[in-house]
Amino acid sequence: MSATISLEECRALAFEAFSNVGVCRPQAEETADHITRAEADGCKSHGLFRLPGFIASVRSGSADPQAEPDIVDAAPGLVAIDGRRCFAPLSVARGRVLLAAKARSQGIACMTIRNSLNFSALWPDIEPLAEQGFVAFTFINSQSFVAPAGGTKALFGTNPMAFACPRGDGKAPMAFDQASAATARGELQIAARDGHEAPPGSGLGPDGQPTIDPSEILKGVQLPFGGYKGSAIALMVDLMTGGLSGGFFGYESRAAYNDDGGPANTCQSFIAIDPLRLAGPGFRAHVEALFERLLADGDARLPGDRRLANRARTAEEGITVEDRLYATVRELAGRG
Ligand code: NDP
């Protein structure tokens, strides 16, 4: 059973839950908005489902609910942020303004964030950059849950990356957003909660043997997608995040984690490129020609199209929230 609520209601509930535990207004607004954008696009594993974890990290002291990120203009094309243990959406929103200004003036810019509490979806972080005309990448590590190809011990986080590209004719940017683990951890948690099987290849149980029982994988280890190819991407993501920012690699993040069920202390990086400075004004039309060919082939679709369809639908119909989660969220918001 589930309740249906509007996106405004979702945002308000999340904001009230944060405010109730003393999260400052800027962190509460940005994080509630991030959660709501995930719900709007049908990404249940990174929507309200994450709210109790965020609240737990405030209660345990791992998040600093009053923190303001320290944003350093590190070089003409570089922004370096110390999140000071605030929730990541605030660092991203604040830093993105400087990142975009640098990418506009230099043609390319890079931003790193360390000491940041994050377990959110990634496309909301770069879609605004593509809406401003930039081709954008973001990478984020998480505490270690994933074994390298050939291994059985957790070394990498589920280490997702996302890429966004502006489109022609006023269309929303194309954005893909994918974990380098075979299955996002949030999906495994939801499968375990709902009694579903995990997709084959998702992970190993505590005995080191492959299993499709999500509860066993959560106790054991996840696997990268595509064997050594996904493992190489997970490695790159750790280097681009923990490495470039000077913060934690996935295993260091795991060692620092207090098991409160909330986001771990992790790192993120961004690259924004102005395509007008390279390809010139024909860039968007050229991109559309490629997409047209892709879409003309059988059932092929663009990454992100499912999300955008969900966005159009939820703007009209609202979102559904599983009953137990809805009761928890209302209680956190002081409406229980
Ligand atoms: P999925 O495997 O569900 O999707 C990955 C991408 O592939 C999406 O962009 C999706 O677009 C696209 N896609 C799916 N099916 C097709 C298809 N048939 N044709 C073309 N494109 C397709 O995502 P994951 O499970 O890997 O990740 C889920 C979320 O979890 C992400 O938002 C990720 O950022 C987040 N995450 C966050 C972590 C953190 O610590 N912050 C850690 C790990 C994951 P569409 O959405 O339109 O289907």
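For ligands, and for the atoms within them, numbers begin at 1 and follow the listed sequence. The first residue of the sequence shown is numbered 1, and numbering continues consecutively from there.
Not one N or O on the side chain of Arg311 forms a donor-acceptor pair closer than 3.5 Å with the backbone of Gly42. Not one N or O on the side chain of Thr31 forms a donor-acceptor pair closer than 3.5 Å with the backbone of Ala28. Without hydrogens or angle criteria, Asp274 side chain to Gly107 main chain gives no donor-acceptor distance under 3.5 Å. Between the Asp177 side chain and the Trp123 main chain, a donor and an acceptor come within less than 3.5 Å of each other. Under the 3.5 Å distance criterion, the side-chain polar atoms of Glu288 are matched with a main-chain donor or acceptor of Gly168. Side-chain atoms of Asp238 come within 3.5 Å of backbone N or O of Gly250 as a donor-acceptor pair. In this structure a side-chain-to-backbone donor-acceptor pair under 3.5 Å is missing from Arg85 to Asn115.
Looking at Ala181 against ligand 1, nothing comes within 4.0 Å, counting heavy atoms. Only the side chain of Pro160 comes within contact range of ligand 1, with a heavy atom under 4.0 Å; no backbone atom does. With a heavy-atom cut-off of 4.0 Å, His46 touches ligand 1 through its side chain alone.
Atom 21 (N) of ligand 1 has its closest protein heavy atom at Pro303 CA, 3.5 Å. Of the protein's non-hydrogen atoms, Ala184 CB, 3.5 Å is the one closest to atom 25 (O) of ligand 1. The nearest heavy-atom contact from the protein to atom 41 (N) of ligand 1 is Ser120 O, 2.8 Å. Considering only non-hydrogen protein atoms, atom 42 (C) of ligand 1 sits nearest to Thr158 OG1, 3.0 Å.
For the pair Arg96 and Phe270, the cation does not sit on the ring face, since its NZ or CZ is not both under 6.0 Å from the ring centre and inside 45° of the axis.
Atoms of ligand 1 found under 4.0 Å from any heavy atom of Arg307 (numbered from 1 in listed order, with element): 46 (O), 47 (O). Atoms of ligand 1 found under 4.0 Å from any heavy atom of Asn118 (numbered from 1 in listed order, with element): 41 (N). Atom numbering of ligand 1 starts at 1 in the shown order; those under 4.0 Å from a heavy atom of Ala179 are 24 (P), 26 (O), 27 (O), 43 (C), 44 (C). Taking a cut-off of under 4.0 Å to the non-hydrogen atoms of Phe176, the atoms of ligand 1 that pass are 9 (O). Taking a cut-off of under 4.0 Å to the non-hydrogen atoms of Ser142, the atoms of ligand 1 that pass are 40 (O). Within ligand 1, counting atoms from 1 as listed, the ones closer than 4.0 Å to a heavy atom of Asp305 are 47 (O).
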Item to check | Arg254 vs Asp259, salt bridge (Lys or Arg N to Asp or Glu O under 4.0 Å): CA-CA, chis, key distance, verdict | outcome: CA-CA 9 Å; Arg254 173 70 207 154; Asp259 280 317; 3.4 Å; yes
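Between Asn20 and Leu332, every side-chain heavy-atom pair lies at or beyond the 4.5 Å cut-off.
Taking all heavy atoms of Arg306, Gln178, Arg301 into account, the minimum distance to atom 16 (C) of ligand 1 is reached by Arg301. When Asp177, Asn310, Val237, Leu294 are checked for heavy-atom proximity to atom 32 (O) of ligand 1, Asp177 turns out nearest.
Distances shorter than 4.0 angstrom occur between a heavy atom of Gly304 and an atom of ligand 1. Look at Gly186 and you'll find every heavy atom at least 4.0 Å from all atoms of ligand 1.
Protein heavy atoms are found inside the 4.0 Å sphere centred on atom 46 (O) of ligand 1.
Taking each heavy atom of Arg84 and Ala67 in turn, the nearest pair found is O-CB, 3.2 Å.
Taking the six-membered ring where the residue is Trp, Phe18 and Phe87 present tilted rings, their angle falling between 30° and 60°.
Backbone and side-chain nitrogen or oxygen atoms of Leu302 are examined, and none is located within less than 3.5 angstrom of a nitrogen or oxygen of ligand 1.
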